[in-house]
Amino acid sequence: MASSASAAAAEPESAADLAVGRAFRLPAAALAIGVAAVAAVAVFSATQGAAGLPAGGVLSAILDRVPMLGVESTLSERQESILFEIRMPRMVLGMLVGGSLAMAGAAYQGVFRNPLADPYLLGVSAGAGFGAVLALGFDLDVGWGPFDAVSAAAFVGALVAVSLSAAIARGPGSSPATLLLAGVAMAALFSASQTFALQRLSDTRAREVLSWLFGQLNTSGWEQVWVLGPYFVVCGLLLVLHRRHLDVMRVGDAEAASLGLDPARARLVIIIAASVLTAAAVSVSGLIAFVGLVVPHIVRLLVGSSYRAIVPLSALFGAAFLGFVDVGARTLLSPAELPVGVITALVGAPFFAFILWRGKAVAA
Amino acid sequence: MNAVALRCRDVTVRFGERIAVDAVSVDVAPGEWLGLIGPNGAGKSSLLGALAGIHDYDGVAQRGVGEPITRRDVAYVPQLPVAPEGMTVAEYVLLGRTAHLGWFDRESRADRAIVASVLARLRLDEFAARALTELSGGEQQRVTVARALVQDAPVLLLDEPTSALDLGHQNAVLELVDRLRREEDLTVVAAMHDLSTASRFADRLALIHHGRLVALGSPAEVLRADVLSEIYATPLVIERLGGEIVVLPAPRRRDG
């Protein structure tokens, strides 16, 4: 076999070799589109808002902060502080949240071999919502570090719900489907508890909780970015490193085991990484629906069904998508603000219905 | 028997209370084709599943004599392979390299070269970029054989690999496996549904009934009308056709 293998390597033009190479590499065109989209959205987001900032000025202000370039910022001091203290943190946070949710969505879809899986599966959203309601409603003082009480309680609630789902599904005869159903049960339990707690709140408090549940990217400087950033890096890296396993798991547990993968171990690591990432995103942004569902599908339409490409590209396209949508949330009803989760749902639901109708969504 | 490629000693597979494979012991010689035969539910697939790392088992399964088998020692072709929607043939065959990679590794150039050469050898190059689900059943099964081949394992386990194919494709896939066995010096253990086909391809047959190994030997030794009729619970006759053994149901009496 060794001799024929090296012979094949000597003639890289064979159809088989090309296809194998394609299976192996990140598609360059899609990668370029993703990077360009993130860059374009960044410029768009930095220049749009109540105070209009010129694109050239924004660029000069950023380059001014790079040492040894000798570029002078053309923005005024006030414009600079709007750019660096208000717009950029929010833009970066939106991109991190979008990238996190999209990557977690792609991972869940792979692990459950279900194209309809999304980051709020396994009771994540209901758990987070219940935690937030408790923190707001009962003045729980559970904040620590940069987490305020709501974020901290949401993070804990999300993790508790996921852990319970996973614990239920560890019983005999468990399968990916068991875990999904356990998630449905947990979601029902926590939603009911959330509704019950919400009923006990005053109107003002209840409105506060509801606006959080809709998903908002309100920032106070860079704090939230520093909260989510490390989770994005660590969990995102874990997911990217496991993307090959997601492809192996597509043939089912039995065949995956015969190929030499431990599917239970891979599934556990991937679910933990995706769930912690989701919980961290939820804790800084509330519940932003459909990003984790729609973005991986768009990526799939662009690059095919291999998770080697879908997982990393979902991070890029998710960042661009939510960064773009958040500009709408900030500016459409200015000076009032739309919850970004409402826009993602308004855009995402019809788009998703269209994908389902075309029958392209089954390729998880 | 001298050299041993695969040794099973008291291999037992349990599903809860049910014993699917009951203390099966057998040695398979290098380059040999061992056919597993027996009625539905006899335990053929469960035995293969244990050797393939799918089911837990008690007892000993060794590569040669002494070392326990690992995922690099056996490659497995399932009865009805899962064909993931949208996966290309090249992506699918590349999965066969999994056992050769560490947890965080990616496939190397050498892995890719092996995949490309196997695709070329099985004349699947033209399909390499096509989606698996676009292929016919016979082509898909050839691709699954290709995936098993890139595993580069000395033992090939086949679980009724042709039961979903018509006669022509059945024969083509089995002839391919037999050719590869001779060219690559592979050892084949195959659960086979059709007794006549089993006798044509296998060097020896292992007859399994209720999880137990009840007969082991050459096709002529194992395929006996009285034993088979009892185990399959239907009258069977054994004929010779051009030197080959053919197992047929006893002729029906047609009244009126």
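Ranking B/Ala129, B/Pro81, B/Ala120, B/Gly96 against chain A, the residue ahead of the rest is B/Pro81, based on heavy-atom pairs under 4.5 Å. Residue with the most contacts toward chain B among A/Pro263, A/Ala256, A/Ala254: A/Ala254 (heavy-atom pairs, distance under 4.5 Å).
Residues A/Arg244 and B/Arg97 fail the side-chain proximity criterion, which asks for heavy atoms closer than 4.5 Å. Looking only at side-chain heavy atoms (C-beta outward), A/Arg113 and B/Val82 come within less than 4.5 Å of each other.
In this structure, chain B has heavy atoms under 4.5 Å from both the backbone and the side chain of A/Ala266. Looking at B/Arg147, only its side chain comes within 4.5 Å of chain A, counting heavy atoms on both sides. In this structure, chain A has a heavy atom under 4.5 Å from the side chain of B/Leu119, while its backbone stays farther away. For B/Glu91, the parts lying under 4.5 angstrom from a heavy atom of chain A are both the backbone and the side chain. Neither the backbone nor the side chain of B/Phe127 comes within less than 4.5 Å of any heavy atom of chain A.
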Given the rule in the side-chain contact (heavy atoms from CB on, under 4.5 Å) test, do B/Arg106 and A/Arg243 qualify, once you have shown the distances and angles that lead to the verdict? CA-CA 10 Å; B/Arg106 296 182 66 196; A/Arg243 65 199 197 279; 3.9 Å; yes
Kindly determine whether B/Trp103 and A/Leu241 satisfy side-chain contact (heavy atoms from CB on, under 4.5 Å), including the steps that lead there.
CA-CA 9 Å; B/Trp103 192 260; A/Leu241 285 173; over 6 Å; no
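Judged by distance alone, with hydrogens and angles left aside, the side-chain atoms of B/Arg71 form no donor-acceptor pair with the main-chain N or O of A/Leu261 at under 3.5 Å.
The line from CG of B/Leu95 to OG of A/Ser258 is 10.0 Å long, rounded to the nearest 0.5 Å.
Here B/Glu107 pairs with A/Arg308 in a salt bridge; the nearest charged N to carboxylate O distance falls below 4.0 Å.
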